[in-house]
Amino acid sequence: MIISRRFVRVWQRNLTVYRRIWHISFIPPLLEPVLYLLAFGVGLGALVGKIVFEGGEYSYSQFIAPALIAITIMYGGFFENTYASFVRMYYQKTFDAMLATPLRIEEIITGEIVWGATKSVIATALMMAVISLFGLIRYPEGLLLLPIALLGGLAFGSLGMFFTAIVPSIETFNLPMFLAITPMFLFGGTFFPLETLPVWAQKAAMALPLTHLVVLARSFSLGLLDAHLLVSAAYLAVFAAVFFPLAVVLMRRRLIK
Amino acid sequence: MAEGSVIEARGLKKSFGDLVAVDGVSFDVRRGECFGLLGPNGAGKTTTIRMIYGFSPVTQGELHVLGLDVRTELRRIKYRLGVCQQEDNLDPDLSVEENLAVFARYFDMPKAGAKERTRKLLAFIGMDHRRRSTVDELSGGMKRRLMVARALVNDPDLLILDEPTTGLDPQARHQVWEKLEELKGGGLTILLTTHYMEEASRLCDRLVIMDRGRVLVEGEPQKLIRERVGKNVIEITHPTAQQRAMAADEKLDHEDLGHRLIIYFQDGDETFRRIGEACGVEGCLLRMATLEDVFLKLTGRELRE
């Protein structure tokens with residue numbers, strides 16, 4: 001697989017488009033955490049009380065704020081490289097046009113995935129700004145959320161691109177949404193601690209990439225640095241290292257005939 | 001390879017599983033000429049040019065573009081190609097101007113050079129006033145002209161056009177032709193696929209007619225018409241038995257389509273006069289032979305779907 005830094009050209013194309021509509025893309029990451037924190041943190045939090053995480057006691061808002069960031073990272077990479085990439089590939093024939101230039105399919109797919117991860121990082125930075133106003137992120141540890149957004153974005157972007165390479169139509173994305181993304185959203189240690197689940201379910205949850213992303217985001221937000229976080233980071237890295245080449249190979253098979 | 005050949009294809013083959021789309025095609029495109037690939041739908045034209053610009057890997061055979069082997073030096077080739085694909089794949093997320101500028105970036109052109117090139121090309125296609133429009137706001141003809149401009153952004157040594165005027169109204173088509181003639185006049189080598197015979201006659205210096213993945217005939221349009229059909233054609237609608245018999249008895253080069261009899265001949269209007277004297281000119285039309293006659297004669301008249 002030959003991937004040169006020409007993938008930046010594809011990334012730049014997406015950035016050019018993004019700059020036309022940035023004001024629309026900026027609103028959800030700024031507004032969403034506020035809505036969630038009001039509904040869950042203030043509303044539900046009153047019923048929940050304190051939550052124990054890694055031996056410490058935290059408010060429900062402190063507990064879910066980093067999970068909201070992790071979910072945004074997942075969505076950033078996954079949606080960009082499923083629906084948005086599919087539209088470019090299938091309806092707009094953008095990849096076909098690129099393939100008539102010096103760009104190769106490997107560079108196009110890499111540029112797309114790195115762009116998805118970039119959107120994860122942008123959204124994370126915006127959310128961090130808002131959540132910090134509530135005093136829910138500890139610094140400087142919290143700054144580690146940014147590289148984690150890049151890693152998580154690459155992992156979920158590769159997963160998304162993998163599906164884009166194999167789905168027959170855009171409606172088919174409902175399947176991975178329903179079977180993978182929604183279960184992770186609910187059971188990835190996001191809104192309640194995994195310890196409340198039966199042991200088998202806890203083990204199953206540890207196989208989900210979002211679970212690891214949530215652990216990392218939460219630990220960094222709360223300022224808890226620990227060696228076992230390396231396992232979660234390694235899990236995401238391996239996940240990306242598996243799905244990224246898989247996505248490229250399957251995409252090549254889909255487009256080059 | 002032959003001196004001055006921009007494309008040299010030898011025994012070029014492309015199969016998709018059991019389907020052989022291109023079956024041993026050979027041709028040369030010389031520097032500075034406009035070369036046409038003609039053929040009915042499914043003849044293998046698009047597959048052939050997709051191999052030339054590296055979209056489809058070659059199954060078998062030799063293919064050199066700009067003196068370089070497509071198998072090993074594709075990237076170097078692609079830097080020097082301009083490709084105008086059949087489907088409109090302009091970037092709808094970008095403005096007219098950005099479409100060119102972003103494409104220039106794919107060719108690693110420096111920003112200042114790209115800006116200057118964009119300005120020149122928009123002037124060339126007469127679209128300076130639309131530079132901030134989005135692609136969706138453009139007419140079909142404008143989109144095509146922009147596709148051509150985009151293919152020229154890297155100042156290519158070879159311009160490849162896949163059915164550049166399909167779906168355009170006559171006005172828009174003539175505008176595209178004028179632009180292509182200007183480019184040709186400037187010495188640009190052009191490879192063109194089309195199934196409009198008028199387009200091929202007007203633009204192509206030489207051409208091949210393909211069918212079912214093979215080259216049927218190669219040559220200059222006027223020469224092909226003279227050699228394969230003749231100078232003139234008589235079309236007789238609802239021919240009488242007498243007219244049919246005359247065509248057969250005199251061994252005239254003809255096609256009998258039932259409700260229509262087509263006679264090809266070389267001798268000006270001499271044959272037309274004789275038929276008129278013998279059988280009357282009712283329903284007879286005398287016209288110049290065209291490339292379309294060659295095309296239909298060679299590829300047959302049944303529908304391709």
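Between the side chain of B:Lys78 and the backbone N or O of A:Arg104 there is no donor-acceptor pair closer than 3.5 Å. Judged by distance alone, the side chain of B:Gln85 and the main-chain N or O of A:Asp96 form a donor-acceptor pair under 3.5 Å. No donor-acceptor pair closer than 3.5 Å links the side chain of A:Thr101 to the backbone N or O of B:Phe107.
Contacts with chain B were tallied for A:Thr94, A:Val17, A:Val8, A:Val10; A:Val17 has the most, counting heavy-atom pairs under 4.5 Å. Your options are B:Val83, B:Leu94, B:Ile160, and the one with the most heavy-atom pairs under 4.5 Å with chain A is B:Leu94.
When every heavy atom of A:Thr16 is checked against every heavy atom of B:Arg105, the shortest pair comes out as OG1-NH2, 2.8 Å. Closest of all the heavy-atom pairs between B:Tyr106 and A:Arg13 is OH-CG, 3.2 Å. Nearest heavy atoms, B:Ser95 versus A:Arg20: N-NH1, 3.3 Å. Of all the heavy atoms in A:Ala97 and B:Phe103, the pair that sits closest is O-CZ, 3.5 Å.
Look at B:Asp93 and A:Arg88 and you find no salt bridge, because none of the NZ, NE, NH1 or NH2 atoms lies under 4.0 Å from a carboxylate O. Residues B:Arg75 and A:Glu107 are paired through a salt bridge, judged by an N-O separation under 4.0 Å between the basic side chain and the carboxylate. Checked for salt-bridge contact, B:Asp88 and A:Lys93 miss the test: no charged N lies under 4.0 Å from a carboxylate O.
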